[in-house]
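Shown next, in C-alpha cells, is the structure this report addresses.
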There are 2 protein chains.
Amino acid sequence: MASVNASYSPALAATYLPLYRQIKRLIVAGLESGEWRPGDAIPSEVELATRFGVSQGTVRKAIDELASANLLVRRQGKGTYVATHSEPHAQFRFLRLRPLDGNSQQPETTLIECRKIRASSEAARALGLKSGEGVIMLRRLLALGGVSTVMDEISLPASIFKGLSANRINNYQGSLYNFFEAEFGTRMIRADERIRAVLAGATIAKWLGIDAGVPILCVDRVTFTYGDRPVEFCRGFYRTDQHYYANTLF
Amino acid sequence: MASVNASYSPALAATYLPLYRQIKRLIVAGLESGEWRPGDAIPSEVELATRFGVSQGTVRKAIDELASANLLVRRQGKGTYVATHSEPHAQFRFLRLRPLDGNSQQPETTLIECRKIRASSEAARALGLKSGEGVIMLRRLLALGGVSTVMDEISLPASIFKGLSANRINNYQGSLYNFFEAEFGTRMIRADERIRAVLAGATIAKWLGIDAGVPILCVDRVTFTYGDRPVEFCRGFYRTDQHYYANTLF
DNA sequence: CAGTGGTCTAGACCACTCT
DNA sequence: GAGTGGTCTAGACCACTGC
C-alpha cells in the first residue's frame, strides 16, 4: 500500500501525522470546499478507502473522529452524511436554556434590526477583524413558551455574509444557523461562551418585559467554522426567572 | 473464540450488547469494586484480552470509550491508568471560572463550616434521598488570585461519607474531589450544572466582599459517580466582575 | 438482494518508556 | 531488549436500509 508516510524518519517527527488523521484532513477539505454540502451523503467507506489508497479500517477511524466532533452523522445501512443544523438533535446545541419546570418549547424568533455597521472593538477582536471593518449586525428577540427570554446582538463579517438582509432572513424557514449553512455555505461547528451576571438596563428590560435592575445573564459567544475560524460574535442577555442555563461537565 | 453473544437471535435484540460494550462494563465493574483504584494502572490490553477471551482490538475499543469519558487515561509505552482528580488537566474541570484578563491561578479554599444536617428538599431531590435524610453540609469560600470569588454549599449523603470532618478536610493536601476519591473511594465522573443570575444577599455579599444587590451567578451542580449515581449537590455563588464562566459548545 | 455502516478477529509493525 | 499503547491491514460476518 502506498503510504504517505513512506518518508517518515525520527528527524521529521514534527511533521508526522498518522494516516487516519491525513484522511481526516482530506475529508474536512472536501467539506470546506463544498464538495459535500450539509445534508449530503459522503462516499461510502469502501469507496473512500480505494480513492485514498488505504484500508477501510483507516477511513473508518477518520470518520469516527469526525462523527464524534459532529461534523458527520453515520446512519447504519444508509451511509454517512454531512451534519446539518436542521436535525432535531441540533436544535438546542447553541441555546442552552431549559425551563425551570415543564418541557422545552421551540423558540420563536423576532428580527428587530439588521444593518451593516463598523465592528465594535469587542466584535473585531473576537472575529479577528481590523478595528472598524464592516460587519452585519442583527438584533433578535427570542421567546420561549411565549415569554420573551433572550435578546441578542449578532456580529457577522460582512465579507463572508455579503447580501444578507432582513428580508432574506424572514423569508427563510428554519433556524438562523440553518440559514447560514444553506445560503452562505458557512457551517457553525463549535462555540466558546463566556457567561457573567449583570443587571438589566432600561432598554433590555423593556424588550424582555422585566424591570430594570433585574439580574440577567450576559452570554458572549464566539462561533467557529471549519478550521477554527471565528465567524460569529453574539452577545445575548438571558432572563433566568423561568429558565436556567444548562451545562454538563465531563 | 467463545463469544458471549453465541446465543444472540433477533428476538433477543433488546438484550444484545456488542462485545466491546460488555468488556466496557466489566472494566467499569472493576473500577466500581475498587479492584483498580484511582492512579493505578489497569492490566495491559493483551492481558485483558486473554482474560476476557476476546481479541486485543475489542478490548482496545472498550478502553477507547472509557478514555474519552475520562474514566481512564492512556499513556503510550507505559500503560492505561485509572483517571484521578489530581492530574493538572482535571484542575479546572468542575470550576469553569476564568479571569477576564491574566492567567488562571490556583484557587485557595477556606472551609467555613462542616456539619451533619437533614437534607434540604432541593438537595434530597438532587441526591435521590428521602426528604430529611442525613447529609453532610460543607460551606466553603474560594479565592482566585487573592480575591474571594466563590461561596458554595455542598451536600453529601451521610451514608456514603461517614466520618467526614472539617479536620480531615483541612489536613488533606489537594482538592476536595481528590480527597473524596482517596479517602472515600468515591470518584466524581460527571456533573450537571444549572446557572441563573441572582442578586447577592447580605450574607453572601459580605463573604465575597461585594455590596448586597450586586448581580452574581447561582450555579447548582449535581455530581455523579460510576453508574450515574448522584453523590454531591453543590450550590455556588460566583462573582463575575473579574471572572467569567467559560463553556465550549460542540 | 445489494449496499451500507457496525463488530470482531489475527497479525504485523511502529513509537514510546523503562530497565 | 521487553513491554506497553498506537497504527494499519485484510478479511469475515452481522445489522440495517431500501429497492
Side-chain angles (χ1 to χ4, degrees), chain A residues 1-27 36 40-68 71-83, chain B residues 1-27 36 40-68 71-83:
Chain A
M1 192 61 53
S3 168
V4 192
N5 289 319
S7 63
Y8 173 74
S9 76
L12 297 174
T15 65
Y16 167 76
L17 253 196
L19 251 189
Y20 74 90
R21 293 222 183 249
Q22 299 179 42
I23 303 301
K24 205 175 148 184
R25 286 192 175 181
L26 291 172
I27 296 174
W36 309 304
D40 288 355
I42 69 170
S44 73
E45 295 179 355
V46 288
E47 188 179 334
L48 289 174
T50 60
R51 176 192 301 195
F52 296 138
V54 299
S55 80
Q56 183 182 353
T58 301
V59 170
R60 206 177 159 68
K61 182 147 187 178
I63 293 180
D64 276 344
E65 293 200 355
L66 292 170
S68 73
L71 296 197
L72 298 176
V73 175
R74 320 188 78 135
R75 292 196 228 279
Q76 179 170 147
K78 301 183 69 175
T80 301
Y81 295 78
V82 182
Chain B
M1 189 62 53
S3 168
V4 192
N5 288 320
S7 63
Y8 173 76
S9 75
L12 298 174
T15 65
Y16 168 76
L17 253 196
L19 251 189
Y20 74 91
R21 292 220 183 251
Q22 299 180 42
I23 303 301
K24 206 174 149 186
R25 287 192 174 181
L26 291 172
I27 296 175
W36 310 303
D40 287 356
I42 69 170
S44 73
E45 296 179 355
V46 289
E47 187 178 336
L48 289 174
T50 60
R51 177 192 300 194
F52 296 139
V54 300
S55 79
Q56 183 182 352
T58 301
V59 169
R60 207 177 158 68
K61 182 147 187 178
I63 293 180
D64 277 345
E65 293 200 356
L66 293 170
S68 73
L71 296 197
L72 298 176
V73 176
R74 319 187 78 134
R75 292 195 227 281
Q76 178 169 151
K78 300 183 69 174
T80 301
Y81 295 78
V82 182

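Note that the structure is predicted; figures quoted are calculated from it, not measured. Chain naming here is simple, since letters A, B, ... match the order of the sequence lines and numbering starts at 1 in each.
- Under a cutoff of 6.0 Å and an axis angle of 45°, A:Arg74 and A:Tyr81 do not form a cation-pi pair.
- In this model, the phosphate group of C:dG5 is approached by a side-chain N or O of A:Thr80 to a distance below 4.0 Å at OP1 or OP2.
- Among B:Ile42, B:Ile23, B:Leu71, B:Val73, the one residue that satisfies the side-chain contact (heavy atoms from CB on, under 4.5 Å) test with B:Leu66 is B:Leu71.
- Between B:Lys61 and C:dC8 there is no side-chain N or O to OP1 or OP2 distance below 4.0 Å.
- Under 4.0 angstrom from either OP1 or OP2 of D:dG6 there lies at least one side-chain N or O belonging to B:Arg74.
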Show me the protein contacts with nucleotides 17-19 of chain D, counting only N or O atoms at under 3.5 Å.
{"unit_1": "D:dG18", "atom_1": "OP1", "unit_2": "A:Lys78", "atom_2": "NZ", "d": "3.3"}

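- Heavy-atom neighbours of B:Arg25 CZ from other residues, nucleotides or ligands within 6.0 Å: at or below the threshold of 12.
- Evaluation of the side-chain contact (heavy atoms from CB on, under 4.5 Å) rule for A:Ser68 yields no partner, not counting sequence neighbours.
- Of all nucleotides listed (C:dT9, C:dG6, D:dC8), C:dG6 comes nearest to the side chain of A:Glu45.
- Applying the side-chain contact (heavy atoms from CB on, under 4.5 Å) rule to A:Lys61 yields the partners A:Tyr20; only residues at least two apart in sequence or on another chain are considered.
- For B:Pro18, the listed nucleotide lying nearest its side chain is C:dT7; candidates were D:dT4, C:dT7, D:dT9.
- In this structure, B:Gln22 CD and B:Thr58 OG1 are separated by 10.5 Å, a value rounded to the nearest 0.5 Å.
- For A:Ser44, the side-chain atoms get nearest to C:dG5 when compared with the rest of C:dT7, D:dT4, C:dG5.
- Here the P atom of nucleotide D:dT7 and the CD atom of A:Gln56 are 18 Å apart, to the nearest Å.
- Of the side-chain N and O atoms in B:Arg60, one or more sit less than 4.0 angstrom from OP1 or OP2 of D:dG6.
- Using a 4.0 Å cut-off, no side-chain N or O of B:Thr58 falls inside it from OP1 or OP2 of C:dC8.
- Of the candidates D:dT4, C:dT4, C:dT7, the closest approach to any side-chain atom of B:Val46 belongs to D:dT4.
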